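Structure, as structure tokens:
Note that ligands are numbered from 1 as they come in the structure, with each ligand's atoms numbered from 1 the same way. As the structure is a computational prediction, the values presented were derived from the model and not from experiment. Keep in mind that the numbers below use all heavy atoms, side chains included, and drop hydrogens, waters and symmetry copies.
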Amino acid sequence: MSSEDAACTIRVDLGDRGYDIVIGDGVLARAGECIAGLFHGARAVIVSDETVDALHGGTLRNSLDSSSITHETVLVPPGERSKGFEVLETVVDGVIAGGFERGDVLLALGGGVVGDLAGFAAGIVRRGMNFVQLPTSLLAQVDSSVGGKTGINSPRGKNLIGLFNQPSLVLADTAVLDTLSDREMHAGYAEIAKYGLIDRPDFFQWLEQNHKAVFAGGAARAEAVAVSCQAKADVVKADEKELGSRALLNLGHTFGHALEAAVQYDAERLVHGEGVAIGMVLAHEFSNHMNHCGPEVAERVRAHLQAVGLPVSIDQIPGDKPSVETLMSSIAQDKKVQRGALTFILTKGIGESFVAKDVPTEAVRSFLETKLPAC
Ligand SMILES: NC(=O)c1ccc[n+]([C@@H]2O[C@H](COP(=O)([O-])OP(=O)(O)OC[C@H]3O[C@@H](n4cnc5c(N)ncnc54)[C@H](O)[C@@H]3O)[C@@H](O)[C@H]2O)c1
Ligand SMILES: [Zn+2]
């Protein structure tokens, strides 16, 4: 990307379900023309959360007005609690009450919560209507808006109800991230670093040199979002429905999810991206423990994430430390132990991760015991 206001486009190549991701500062103000070009004569229903709508809903509505697209807005409360049946019903009801048809378009304006919820609603109203993702958090721009996983939580667990439902377009305005909290910005950055660690060592090295510019905004931030979207698009293209290699996107997530569960998903103590940051350091240390790489690899990961300002060890989570048993039981649940073995994403080096299907449960336990020695 050459100048600050240039947008770049990445194609998610999934045949007749393929779509563009347009990334850059200011693309939200151009949403109307993009949508008018894709869906001639369609009306639009915006689904957003109250926080995001107050900050950025006006820009989107002005843009739709300029392209003569009529629209209504359905708002949900901000936060993970909105990913449930009750709020889904409100959204679906708002769309139906507004008389929106299959050929109209639902615009999901918000973070991953809105994207997952509204994308699912678009998939089930009238057996499926058009939808566009307008991700406004860093995590949503580099992860949740790309790839077509949509859904809500069950009281029995996260993301258990949903659909693979690809959007028709993703518009990621990197300037809207200026209003995102510092903590959410860092949490999203963990997923950016993850793409480098999965299979893009040059990108990881670029991040080591340019992370301050990525946080500052402008061209470096848009570049980091674009490379991340390309990385996710490549993985999704190779394995859309997560039958094999898409599991690589879970690098750091097995440990990360176990830490999130151990704090009972208390976002005051740990947000997802922070769990992923600690989880990625642990995954690299565990790869060393399993003799797949030397200790310097995890050291490099730790040094970078620490330099960025992310937590890198279990000790940094406020409150009581989780026990090895607590972590082991959620890892076993997450991964469905088969004959005493677990599937893990391990690595041979920076950007050389792989799916390991035969990791002995005992090896994970003995590794965690080195991290959490009994007092
Ligand atoms: N579908 C997928 O593939 C996928 C992948 C990863 C995560 N997810 C899901 O994504 C969700 C997390 O997404 P998230 O981290 O974006 O959370 P979120 O949607 O709750 O957004 C975080 C907070 O930031 C606020 N916010 C968003 N954009 C803002 C902006 N530009 N300015 C100011 N505030 C803003 C929101 O109101 C919210 O309070 C989880 O439910 C997770 O399960 C889905
Ligand atoms: Zn994640």
For ligand 1, output the ligand-protein N/O contacts shorter than 3.5 angstrom; if there are none, return none.
unit_1: ligand 1; atom_1: 1 (N); unit_2: D116; atom_2: OD1; d: 3.0
unit_1: ligand 1; atom_1: 1 (N); unit_2: K149; atom_2: O; d: 2.8
unit_1: ligand 1; atom_1: 13 (O); unit_2: G112; atom_2: N; d: 3.2
unit_1: ligand 1; atom_1: 16 (O); unit_2: G112; atom_2: N; d: 2.8
unit_1: ligand 1; atom_1: 16 (O); unit_2: S137; atom_2: OG; d: 2.5
unit_1: ligand 1; atom_1: 19 (O); unit_2: G112; atom_2: N; d: 3.1
unit_1: ligand 1; atom_1: 19 (O); unit_2: V113; atom_2: N; d: 3.0
unit_1: ligand 1; atom_1: 28 (N); unit_2: T136; atom_2: O; d: 3.3
unit_1: ligand 1; atom_1: 28 (N); unit_2: T136; atom_2: OG1; d: 2.8
unit_1: ligand 1; atom_1: 31 (N); unit_2: T136; atom_2: O; d: 3.0
unit_1: ligand 1; atom_1: 31 (N); unit_2: V176; atom_2: O; d: 3.1
unit_1: ligand 1; atom_1: 31 (N); unit_2: T179; atom_2: OG1; d: 3.3
unit_1: ligand 1; atom_1: 32 (N); unit_2: T179; atom_2: O; d: 3.4
unit_1: ligand 1; atom_1: 32 (N); unit_2: T179; atom_2: OG1; d: 2.6
unit_1: ligand 1; atom_1: 37 (O); unit_2: D49; atom_2: OD1; d: 3.3
unit_1: ligand 1; atom_1: 37 (O); unit_2: D49; atom_2: OD2; d: 2.8
unit_1: ligand 1; atom_1: 41 (O); unit_2: E80; atom_2: OE1; d: 2.7
unit_1: ligand 1; atom_1: 41 (O); unit_2: E80; atom_2: OE2; d: 3.2
unit_1: ligand 1; atom_1: 41 (O); unit_2: K83; atom_2: NZ; d: 2.8
unit_1: ligand 1; atom_1: 43 (O); unit_2: K83; atom_2: NZ; d: 3.0
unit_1: ligand 1; atom_1: 43 (O); unit_2: K158; atom_2: NZ; d: 3.4
unit_1: ligand 1; atom_1: 43 (O); unit_2: N159; atom_2: ND2; d: 3.4

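Annotation: Y195 is not in aromatic contact with F203 [ring centroid separation under 6.0 Å not met]. No close placement of the H257 and Y265 rings is indicated, their centers lying 6.0 Å or farther apart. Under the 6.0 Å cut-off for aromatic ring centres, F286 and H292 do not qualify, their centroids lying 6.0 Å or more apart.
Counted by atom type alone, H284 and E299 present zero donor-acceptor pairs between their side chains at under 3.5 Å. For the residue pair T174 and D25, a side-chain donor N or O sits within less than 3.5 Å of a side-chain acceptor on the partner. Donor-acceptor pairing under 3.5 Å is lacking for the side chains of E274 and H186. For the residue pair S63 / R30, no side-chain donor-acceptor distance below 3.5 Å is found, with atom types taken as modelled.
Residue E191 counts as close to the Zn ion (ligand 2), with an N, O or S atom under 2.8 Å.
When NE2 of H253 and NE2 of H272 are joined through the Zn ion (ligand 2), the resulting angle is 100° to the nearest 10°.
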